[in-house]
Amino acid sequence: MKRQKRDRYQRAYVHGYKAGISGRSRDDCPSQDVNIREYWMSGWREGRGDQWAGMTGVSGIHKNPMVL
């Protein structure tokens with residue numbers, strides 16, 4: 001059985017979140033497409049906010065978008 005492809009916007013959000021939680025710069029966004037970049041930046045902002053709030057490692061497992 002074939003697996004359905006994941007939504008590209010959801011993938012961009014997750015990659016942005018992982019970049020934000022790890023402390024990477026927002027200039028690291030790999031896409032120049034406006035729509036994908038918007039989702040990536042949204043994930044990055046949430047990831048940075050979680051990093052600043054101390055939700056890294058085990059304390060932030062409930063916020064991980066890959067778990068949802």
K.L.:
Minimum heavy-atom separation for R37 and C29, please, with both atom names.
P.N.:
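Scanning both residues, the minimum pair turns out to be NH1-CB, 3.1 Å.
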K.L.:
Give me the atom names and distance for the closest heavy-atom approach of Y9 to I36.
P.N.:
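Closest pair (atom of Y9, atom of I36, distance): CE2-CG1, 3.8 Å.
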K.L.:
When rounded to the nearest 0.5 angstrom, what distance separates OG in S31 from CZ in R8?
P.N.:
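Output value for this atom pair is 7.5 Å.
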K.L.:
Would you give the length of the straight line joining atom CG of D27 to atom CH2 of W44, rounded to the nearest 0.5 angstrom?
P.N.:
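One finds 8.5 Å between CG of D27 and CH2 of W44.
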K.L.:
For I21 and K18, work out which heavy atoms get closest and say how close.
P.N.:
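It is CG2-O, 3.3 Å.
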K.L.:
Evaluate side-chain contact (heavy atoms from CB on, under 4.5 Å) for Y13 paired with E46, printing each intermediate quantity in order.
P.N.:
CA-CA 10 Å; Y13 177 84; E46 188 166 342; 2.4 Å; yes
K.L.:
Any chance you could measure R45, atom CZ, to R26, atom CZ, to the nearest 0.5 Å?
P.N.:
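Here the interatomic distance stands at 7.5 Å.
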K.L.:
Between W40 and A12, what is the shortest heavy-atom contact and its length?
P.N.:
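Residues W40 and A12, closest heavy atoms: CD1-O, 3.3 Å.
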